[in-house]
Amino acid sequence: MKRNTMAKVLLWLAFSLPVLVHAQQNDAGKAGVQGPNLASVNVAVAVAGSNDLVFGKNADRSVPIASITKVMTALVVLESGAPLNEWLVFQKRHTPAAANAYSRIRIGSQMRRADVLRIALMSSENFAAYTLARSHPGGFDSFVEAMNAKAKALGMMGTRFVDPTGLSVENLSTAGDLVRLVNAAADYPEIKEYSTTDYFRGQFREPRYSLSFGNTNALVHRESWGVGLSKTGYLSEAGRCLVMISQMNGKAVVTVLLDSLGTRSPMGDAGRIKRWLDTGASGQVAKAARQYAEEKNAAYDAKVRSTTAALN
C-alpha cells in the first residue's frame with residue numbers, strides 16, 4: 001500500500017472509530033455505516049487541515065453559495081498585501097447589485113480595511129465586501145479575477161466567482177471545493193478572528209459615526225462549539241448556507257452545509273453531524289426540510305438532464 005494511501009486510511013480510522021464501534025453495537029448485521037440524516041441538500045465534512053471528506057452529500061455539485069463567497073474575498077484581500085490600517089472610502093456602486101444590497105453604511109464615509117473586512121465576514125455586510133474589491137490595488141475586475149485564480153490554485157474545479165459579495169447566483173461552488181477554501185482561509189489568523197467576532201462597534205469618519213454589528217452564526221456565541229472560523233450565507237436560490245471550523249468529537253472539523261430550508265436548519269445539521277461523529281446516531285430531520293431537499297434534488301437532476309440533452 002502506498003504511503004499516502006496508508007495515511008488517508010489511518011486518518012479516516014482515527015476519526016471514525018467511535019462511529020464504527022457505535023454502529024456495530026446498534027446495527028449488528030447491517031453492511032456499512034449510515035451517515036447522518038441532514039436537512040442541507042449539499043454537504044461536506046472533513047478533519048480541519050485535510051481535504052479528504054469524512055462525510056459527503058452531493059459534495060461535487062456546483063451550486064450558488066451566496067455570502068460564503070466572502071471567505072474567498074477575505075483570502076484575496078489578505079494575499080494582496082494591501083495595508084489593513086488604510087482608510088477605505090465607501091463609494092456608490094459602479095454597477096447595480098444582483099440582489100438586494102441594502103446597507104446602513106453611508107456613501108462617502110470611511111473605515112479602516114481591517115474593520116471593513118471584519119464586518120464583511122462576521123456580519124456579512126455586502127457593501128463592505130464590495131468596497132474591499134473596489135479598493136483592491138488592481139481594481140474591482142482584477143479582484144474578481146484574483147478570486148478565480150485563487151480558486152484554481154486551490155484545486156476548486158467546480159467553482160466560479162463573478163462578484164465579491166455573493167449577491168449573484170452565478171457565484172458557484174461545491175461543498176467539497178469549499179472544504180479546500182476553508183482550510184486555506186484558516187491559515188490566516190485575521191480570517192479566524194474576524195469571522196468569529198461576536199459583536200463589533202464599527203467606527204467611521206467623514207462623517208464621524210458608529211454602527212453595531214453582530215455575528216450571523218448563532219453557534220459562535222456558544223463556547224461549547226469552539227468555533228474557529230465561520231461564514232453564513234443566504235439567497236433564495238442558494239438556501240441557507242454555513243461553513244465553519246468547530247470542535248467535534250475532540251477534533252477541529254470543517255463543516256460545509258449548502259442549501260437548507262430555514263434559518264435553523266444549518267445549525268440543526270451541525271448538531272446532527274456532531275452527534276453522529278460522537279455516537280454514530282444518524283438523527284432525524286423535519287418533514288418540511290426533507291421535502292425541500294427532495295424538491296431541490298429533483299430540480300438539480302432535471303437541470304442536468306436538460307443540459308445534457310441540449311449538448312447532444
Side-chain angles (χ1 to χ4, degrees), residues 7-27 32-59 68 71 121-122 174-189 191-193 195-198 215-233 240-260 263-285 289:
K8 290 181 181 180
V9 171
L10 292 174
L11 177 65
W12 184 85
L13 286 174
F15 194 85
S16 304
L17 186 58
V19 175
L20 290 171
V21 170
H22 184 87
Q24 289 169 355
Q25 290 173 343
N26 293 279
D27 297 308
V33 179
Q34 181 180 356
N37 292 319
L38 303 174
S40 300
V41 179
N42 313 287
V43 180
V45 181
V47 178
S50 171
N51 296 324
D52 296 325
L53 303 189
V54 173
F55 174 79
K57 176 184 176 185
N58 303 316
I68 304 302
V71 179
L121 287 171
M122 64 169 287
T174 72
D177 278 1
L178 291 177
V179 168
R180 295 176 177 272
L181 176 58
V182 170
N183 278 325
D187 288 336
Y188 288 85
I191 296 179
K192 296 169 73 174
E193 176 193 341
S195 71
T196 58
T197 301
D198 288 1
N215 202 298
T216 54
N217 180 4
L219 297 181
V220 165
H221 306 285
R222 303 179 188 177
E223 292 185 9
S224 61
W225 277 85
V227 178
L229 186 151
S230 169
K231 188 70 200 76
T232 63
R240 300 287 173 178
C241 303
L242 171 66
V243 301
M244 68 177 180
I245 296 177
S246 62
Q247 292 297 313
M248 297 185 178
N249 198 23
K251 296 178 176 63
V253 176
V254 178
T255 305
V256 177
L257 303 166
L258 304 177
D259 200 354
S260 290
T263 56
R264 296 183 179 181
S265 293
M267 312 301 170
D269 277 351
R272 282 182 281 271
I273 291 170
K274 191 174 185 179
R275 287 190 293 274
W276 176 70
L277 291 171
D278 187 38
T279 68
S282 55
Q284 298 294 324
V285 175

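Numbering of residues begins at 1 and proceeds along the displayed sequence.
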Ignoring hydrogens and angles, write down the donor-acceptor pairs under 3.5 Å from the side chains of residues 220-229, residues two or more places apart or on other chains.
none

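Side chains of L258 and L242 form no contact here, defined as non-hydrogen atoms less than 4.5 Å apart. Within the 4.5 Å cutoff, side-chain heavy atoms of N58 are placed close to those of V41. With contacts defined as side-chain heavy-atom distances shorter than 4.5 Å, the pair S265/R240 does not qualify. No side-chain heavy atom of W276 sits under 4.5 Å from any side-chain heavy atom of L38. Side-chain contact between N51 and N183: present, with at least one pair of heavy atoms (C-beta onward) separated by less than 4.5 Å. Counting heavy atoms from C-beta on, the side chains of V254 and V47 never come closer than 4.5 Å.
Contact between S195 and L121 at its shortest, heavy atoms only, is CA-CB, 4.0 Å. What you find for S50 and A46 is that their closest heavy atoms are O-CB, 3.6 Å. Minimum heavy-atom separation, A289 to A39: CB-CB, 3.8 Å. In this structure, A44 and V179 approach most closely via the heavy-atom pair CB-CG2, 3.7 Å. Closest approach of K192 and T196 over heavy atoms only: O-OG1, 2.6 Å. Across every non-hydrogen atom of P266 and L257, the tightest pair is O-CD1, 3.2 Å.
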Which is it for V253 and V45 under the side-chain contact (heavy atoms from CB on, under 4.5 Å) test, yes or no, and what are the steps along the way?
CA-CA 7 Å; V253 176; V45 181; 3.6 Å; yes

Applying side-chain hydrogen bond (donor to acceptor under 3.5 Å, both in side chains), run through T216 and T232 and close with a yes or a no.
CA-CA 6 Å; T216 54; T232 63; 2.6 Å; yes

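Note that CG of D259 and SG of C241 are 6.5 Å apart. Values are rounded to the nearest 0.5 Å. Atom CD1 of I273 sits about 5.0 Å away from atom OG1 of T255, to the nearest 0.5 Å. Taking CD1 of I191 as the start and NZ of K231 as the end, the distance is 12.5 Å to the nearest 0.5 Å. Here E193 contributes atom CD and M122 contributes atom CE; the two are 11.0 Å apart, rounded to the nearest 0.5 Å. Separating the CE atom in M244 from the CD1 atom in I68 is a distance of 11.0 Å, to the nearest 0.5 Å.
A donor-acceptor pair under 3.5 Å is absent between the side-chain atoms of N249 and the main chain of D278, judged by distance alone. When atom types are taken as modelled, the side chain of N217 and the backbone of S230 share no donor-acceptor pair closer than 3.5 angstrom. Distance alone, capped at 3.5 Å, places no donor-acceptor pair between the N42 side chain and the K57 backbone.
Listed by chain and residue number, nothing satisfies the side chain to side chain donor-acceptor pair (under 3.5 Å) test with N215 (two or more places apart in sequence, or in another chain). Looking at residues two or more places apart in sequence or on another chain, you find a side chain to side chain donor-acceptor pair (under 3.5 Å) between D269 and S40, R272.
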